[in-house]
Amino acid sequence: MAPKSPDSVEGLRAAGNQSFRNGQYAEASALYDRALRLLQARVSTRAGSSDPEEESVLYSNRAACHLKNGNCSDCIKDCTLALGLVPFSIKPLLRRAAAYEALEKYPLAYVDYMTVLQIDKSMTSALEGINRMTRALMDSLGPDWRQKLPPTPVVPVSAQKRWDSRPSENHKDSAKSKPKEPTTAKNKVPSAGDVERARVLKEEGNEFVKKGNHKKAIEKYSESLSFSHLESATYTNRALCYLALKQYKEAVKDCTDALKLDGKNVKAFYRRAQAYKALKDHKSSLADISSLLQIEPKNGPAQKLQQEVNQSLK
């Protein structure tokens, strides 16, 4: 196979990729820019010979350099250009979402992450992004944050098939992590309707908790999670019910799931510490209390629980 000419589009892109891998982002960006100009000059002299996929990749790669250098505005511009050429491409969607997130444009980041999940529901970076955006949007926009979001575009089946049939680096990474079992609520991307149904069911569960009917509350929370597994509060609420019913192992599992969604969830740490204490796993209980107190050093219930666990060790 003949080597790529260093002055060709392919050669410049390869050189840019190497510079990027070496952490030389400004140099990589300049190489991608040269490749783009060369490609566009080639297109202008040959009517109808445009290579939108190659051009899209170059814009996306240059966007990655902008993102690494903290130039989020230019990253967004390049990703948008890339998506204009090849709609619903994974990498520019993820890079644009990260740039929006860095600029605290959380609704726009949420939409891009959700778009990615329509294409590949096991994409870890998109799932983690959705979890972060959900928490940020709840904090900034309140409980009705979903009504304030721009619409998420529906990804056509043709775009999904294109992604499935082309083994890009992202696809290889996600394929390794794809579960073998059938699709469940844990790996299904919830629709807006699913998320709303989950919210209603969670509130119904909360009402049963107020009435002291923990078994019925568990049913409602479980049903809520079958529609959407993206809210850590549903897990911690169900864990509270399991604690009341002395189903401590189930409480530990729910708190662990909540912490996967929100690593600083104080209720999850506290309730799991309570469950570990009941299971006489005092070391794990103290570890959770310590994690909680790093987040809220003056948390009274946690300090009291710490004293109780330490007392049990004497």
Side-chain angles (χ1 to χ4, degrees), residues 1-103 105 108-109 111-116 118-120 123 125-126 129 150 153 155-156 158-174:
M1 184 176 175
K4 295 171 183 174
S5 168
D7 293 323
S8 68
V9 171
E10 296 78 8
L12 288 165
R13 177 155 72 101
N17 292 347
Q18 186 58 54
S19 294
F20 188 89
R21 284 192 289 270
N22 294 338
Q24 298 167 318
Y25 305 123
E27 181 179 309
S29 180
L31 287 163
Y32 294 138
D33 187 61
R34 282 176 58 195
L36 274 165
R37 283 187 275 115
L38 186 60
L39 179 64
Q40 289 160 355
R42 180 199 299 172
V43 170
S44 66
T45 58
R46 298 182 191 174
S49 64
S50 174
D51 189 344
E53 293 204 4
E54 178 70 24
E55 193 172 353
S56 177
V57 167
L58 288 168
Y59 278 123
S60 179
N61 288 2
R62 193 172 68 178
C65 299
H66 292 320
L67 189 62
K68 287 289 189 180
N69 286 326
N71 188 350
C72 294
S73 295
D74 281 345
C75 173
I76 290 166
K77 288 177 186 175
D78 273 358
C79 288
T80 302
L81 287 168
L83 291 163
L85 291 160
V86 182
F88 305 111
S89 297
I90 293 274
K91 287 184 179 180
L93 279 168
L94 285 173
R95 288 164 185 167
R96 191 171 67 178
Y100 280 140
E101 184 175 350
L103 293 173
K105 295 183 178 182
L108 295 173
V111 168
D112 276 353
Y113 284 130
M114 281 299 290
T115 304
V116 171
Q118 289 183 65
I119 303 165
D120 183 353
M123 183 63 68
S125 54
V155 179
S158 59
Q160 295 181 38
K161 286 182 177 177
R162 183 186 73 232
W163 166 251
D164 288 336
S165 64
R166 293 178 58 195
S168 68
E169 288 178 21
N170 277 342
H171 192 240
K172 289 175 188 172
D173 291 342
S174 67

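All residue numbers refer to positions in the sequence shown, counting from 1. As the structure is a prediction and not an experimental result, all values here were calculated from the model.
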Decide yes or no on side-chain contact (heavy atoms from CB on, under 4.5 Å) for Asp51 and Val9, but give the supporting numbers first. CA-CA 11 Å; Asp51 189 344; Val9 171; over 6 Å; no
Is it true that a side-chain atom of Glu27 and a backbone atom of Ser19 form a donor plus acceptor pair closer than 3.5 Å? no
Which residues share a side chain to side chain donor-acceptor pair (under 3.5 Å) with Gln18, sequence neighbours left out: Arg21, Asn22
Residues passing the salt bridge (charged side-chain N to carboxylate O under 4.0 Å, His left out) test with Arg62, sequence neighbours excluded, are Asp33, Asp78
When rounded to the nearest 0.5 angstrom, what is the spacing between OG in Ser29 and CG in Asn61? 10.0 Å
Nearest 0.5 angstrom please: Arg96 CZ to Thr115 OG1, how far? 8.0 Å
To the nearest 0.5 Å, what is the distance between OG on Ser8 and CG on Leu38? 7.5 Å
Give the intermediate values and the outcome of side-chain contact (heavy atoms from CB on, under 4.5 Å) for residues Leu103 and Leu108. CA-CA 10 Å; Leu103 293 173; Leu108 295 173; over 6 Å; no
For Ala26 and Asn69 the tightest heavy-atom approach is N-ND2, 4.0 Å
Gap separating the CE atom of Met123 from the CD1 atom of Ile90, nearest 0.5 angstrom: 4.5 Å
Quick one, Phe88 with Gln118, criterion side-chain contact (heavy atoms from CB on, under 4.5 Å). Give me CA distance, side-chain angles, the key distance, then yes/no. CA-CA 10 Å; Phe88 305 111; Gln118 289 183 65; over 6 Å; no
Tell me every residue that passes side chain to side chain contact (heavy atoms under 4.5 Å, CB included) with Ala97, counting only those two or more places apart in sequence or in another chain. Asp112, Tyr113
Could you pull out all residues at least two apart from Ala99 that satisfy side chain to side chain contact (heavy atoms under 4.5 Å, CB included)? Leu67, Cys72, Cys75, Ile76
Yes or no on side-chain contact (heavy atoms from CB on, under 4.5 Å) for Ser89 and Leu83, after CA distance, side-chain angles and deciding distance? CA-CA 6 Å; Ser89 297; Leu83 291 163; 4.2 Å; yes
Flag the pair Glu55 / Leu36 as yes when at least one side-chain heavy-atom distance between them is below 4.5 Å, and no otherwise. yes
Please identify each residue that fulfils salt bridge (charged side-chain N to carboxylate O under 4.0 Å, His left out) with Asp74, with sequence neighbours left out. Lys77
Enter the distance from Lys68:NZ to Arg95:CZ here, rounded to the nearest 0.5 Å. 9.5 Å
With sequence neighbours left out, write down each residue that passes side chain to side chain donor-acceptor pair (under 3.5 Å) with Ser56, or none if nothing qualifies. none
